[in-house]
Amino acid sequence: MSVLEIRNLHAGVEGAKILKGVNLTLRSGEIHALMGPNGSGKSTLGYVIAGHPHYQVYDGDILLDGESILDMEADERTKAGIFLAFQYPVAVPGVSVANFLRTAVSNVRGYTDRARENGNNGTIGSNLMPMREFRRELNAKMKEFNVDPSFARRYLNDGFSGGEKKRTEVLQMAMLEPKFAILDESDSGLDIDALRVVADGINKLATPDRGFLLITHYQRILNYVKPDYVSIFYNGRVVQTGGPEVAHMLEERGYGWVEEEFGAEAQPA
Amino acid sequence: MSVIVKEKLMESVTGFNEDTVRAASTSKNEPAWMLDLRLRAWRMFEEMEWPKATDESWRRTRLTGFDLENFQPFATPGVENGRAALNDVMTHELDEMESAASIVFQDGGPLYRDASEDLASKGVIFTDLQTAVREHPELVRKHFMTTVVKPESNKFTALHAALWDTGAFIYIPRNVRVELPLQVILNQATAGAGGYHHTLLVAEEGAEVTVVDDLLGGKDGLQSSVVELVVGDNSVVRYMNLQDFDHSTWNFLTGRAAMGRNSDLRWIQVSWGSRLTKAFLDLEMLDEGGHGELLGIYFPTGRQHIDHETLQVHRAPHCFSDLLFNGALKDKAHSVYMGIIQVLPGAQKTDAFQRNGNLILDSGARADSIPGLEIEADDVRCTHAATAAQVEDEYVFYLMARGLTRAQAERMIVQGFFQAVLDRVPVESVVTKLERVIERKIGG
Ligand SMILES: Nc1ncnc2c1ncn2[C@@H]1O[C@H](COP(=O)(O)OP(=O)(O)O)[C@@H](O)[C@H]1O
Ligand SMILES: [Mg+2]
């Protein structure tokens, strides 16, 4: 049982203050939906949790099982069990999905560290998860998460459609087995079939030892993935938290209501 | 007897002059026609001016600090005595590639050769040029620097024609296919010497062949090489020029492919080494239906300076040419890419592409890219593009958010950048070797 706790987080980028006191707690086995209008700072929150070096934290803390992660580099946070599925995954030409994932999985599962401890750095590939074992697992997971086997050899996100990118993000999550997954609009831009595939993948990965922050603009995905909590995000902070009924209320009243309700209050004093 | 003659010769070779040219010819026991060719080229060389900073080709590549007087005109060849003559690097190069036949040159001459196939029975000639001059004079006289690259092309080709020393003569008869690559290795072992490596490949109609030129050594030396590819009608040629000289070599290369009807060529040009490289590389589409690819990679580090100047000439209609040069640059390295696609009147339905990408890894590095089109036909499709980029933080962050360290992420992005060319290298062992050099260069 793990806890990821965001405490009074103030953060921004290039001098702009975007997060203005975020409080949020994620626990293993729980799905927490975060809904908010465009520009409210949802992606910024994801980047700051994942450790994007361009973003600065001005105040507050992020604790994983009681330990601050703010001094950790992005890769160390991933090794500690945090995963961010990007709203806009970048294409990396020439780097194949399989090649890159093998290195990623080897780091996260400790093959690389163990090889270093054993002084085993000389032999090529000795610091990586054994190829056959990796391929077997990758193939199985590609099947399970509806990713065509040909994607193993394709270059990461290069020429992928929106749906293919989002499905590949879910595949990466399945391979990296995080404690906490932050999914940034994994539903946006998808047609209903692609949305079902992505939602299905999330449900398969929603095990008792894993917590989710499901960032979304629309309530649509919540028809397929049932959240335990729904928070409304507005102007850089969480303004309301409740159960699934909050999502239904938003659906009925729209984001205009959020602005009316929290607009004045949410302005910085 | 011959040993004594050689010693005497070497003593007398003290500078670049006509006597030196005669000595080069004598040391190879050449017939008179080759000596004549050398002497004519030498006179041309003497008459030609050195490149000036105002010449378009040399505006960005200066020869400051280059002086012929600093080099021994040519090196003394070693003695051919089997594998024992090879050093570890050459042995490794030989063992890594499964070749139909290999020739190793050291300094001015051949040092070792082997073959896994009986090529002669197919009529294939694969030998050192020196031997070919004696044994196949009619073929060499017809093709050696007569049409593809002429001595008068530039100052360095004239010097080359006067002093050429190592390199292979490759002749593939009509409809003969050599499946495994033919491997040529040059190790310029003597420091401070001049070297003039020549590759002459003649693929007759319907022939198929893959040739790999591997260029090593050359400490404090001068290399002025020439590549001539005669790509006959319907022939399929794969040519790889892998330049990995010492970082102190002054390197000049002029290479050209003359492409026949429906011929198919893929030329891979790799420029890893040298302190300075100026390479002129031309594809010439002489008849209909030719398909030519010119692919280059370079990765200068330190203060290396690498310059490629390319020309895709379309003389005939319905030809395709594709050029892709990708380079990464570190430290205070400098690269220049200049390229022209020239479509002559009547070369309708030309399809020609040209791309140059540069990945700049340090703020002190610089890449100049000057693509160009000269089109005199109206029904053609030509595109050119040049890019220069840094390794973007967005890419690094994305990979780090998947658990890669910063160093691993940067490494993968750089390797990925070269992959577009590596994907098109037809010999697996060459791909592995290139990947290792890229790894080494990224590492420092
Ligand atoms: N590099 C940047 N510099 C300044 N402001 C930025 C930068 N990136 C994003 N922002 C601003 O931060 C706010 C929040 O953006 P974002 O986190 O992407 O919101 P959301 O994901 O909720 O749509 C927006 O107003 C956006 O314009
Ligand atoms: Mg967003």
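In this text the structure is predicted, and so the values were computed from the model without any measurement. Order of the sequence lines fixes the chain letters, A, B, ..., with proteins taken first and strands second; residue numbering starts at 1 for each chain.
Among B:Tyr395, B:Phe397, B:Phe418, the residue making the largest number of heavy-atom pairs under 4.5 Å with chain A is B:Phe397.
Looking at A:Phe100, the atoms closer than 4.5 Å to chain B (heavy atoms on both sides) sit in the backbone and in the side chain alike. Of the atoms belonging to A:Ala85, it is backbone heavy atoms, and not side-chain ones, that fall under 4.5 Å from chain B. With a 4.5 Å cut-off on non-hydrogen atoms, A:Glu76 does not touch chain B at all. With a threshold of 4.5 angstrom between heavy atoms, A:Val108 approaches chain B through side-chain atoms but not through N, CA, C or O. Both the backbone and the side chain of A:Pro89 come within contact range of chain B, each with at least one heavy atom under 4.5 Å from a heavy atom of that chain. There is no contact between B:Ala420 and chain A, counting heavy-atom distances below 4.5 Å. Using a 4.5 Å cut-off between heavy atoms, B:Phe417 contacts chain A through its backbone alone, with no side-chain atom that close. In this structure, chain B has no heavy atom under 4.5 Å from any part of A:Asp158.
A pairwise comparison of heavy atoms in B:Met412 and A:Val95 identifies O-CG2, 3.2 Å as the closest pair. Closest approach of A:Asn107 and B:Leu404 over heavy atoms only: ND2-CA, 3.6 Å. Closest non-hydrogen pair, A:Ala74 versus B:Ala401, comes out as CB-N, 4.4 Å.
Shown here is A:Tyr88, whose OH atom has no more than 12 heavy atoms of other residues, nucleotides or ligands within 6.0 Å. Dense packing is recorded around CD of B:Glu394, with more than 12 heavy atoms of other residues, nucleotides or ligands lying under 6.0 Å away. Atom NZ of A:Lys17 has 12 or fewer heavy atoms from other residues, nucleotides or ligands within 6.0 Å. Counting non-hydrogen atoms of neighbouring residues, nucleotides and ligands closer than 6.0 angstrom, the CG atom of B:Asp95 exceeds 12 such neighbours. Enclosure of atom CZ in B:Arg381 is not indicated, since only 12 or fewer non-hydrogen atoms of other residues, nucleotides or ligands lie within 6.0 angstrom.
A:Asp75 and B:Gln408 share no side-chain donor-acceptor pair at under 3.5 Å.
Taken from OG1 in A:Thr103 to CZ in B:Arg402, the straight-line distance is 14.0 Å, to the nearest 0.5 Å. Taken from CE in B:Met400 to OG1 in A:Thr78, the straight-line distance is 8.5 Å, to the nearest 0.5 Å.
Residues A:Leu156 and B:Leu399 meet the side-chain proximity criterion, which asks for heavy atoms closer than 4.5 Å.
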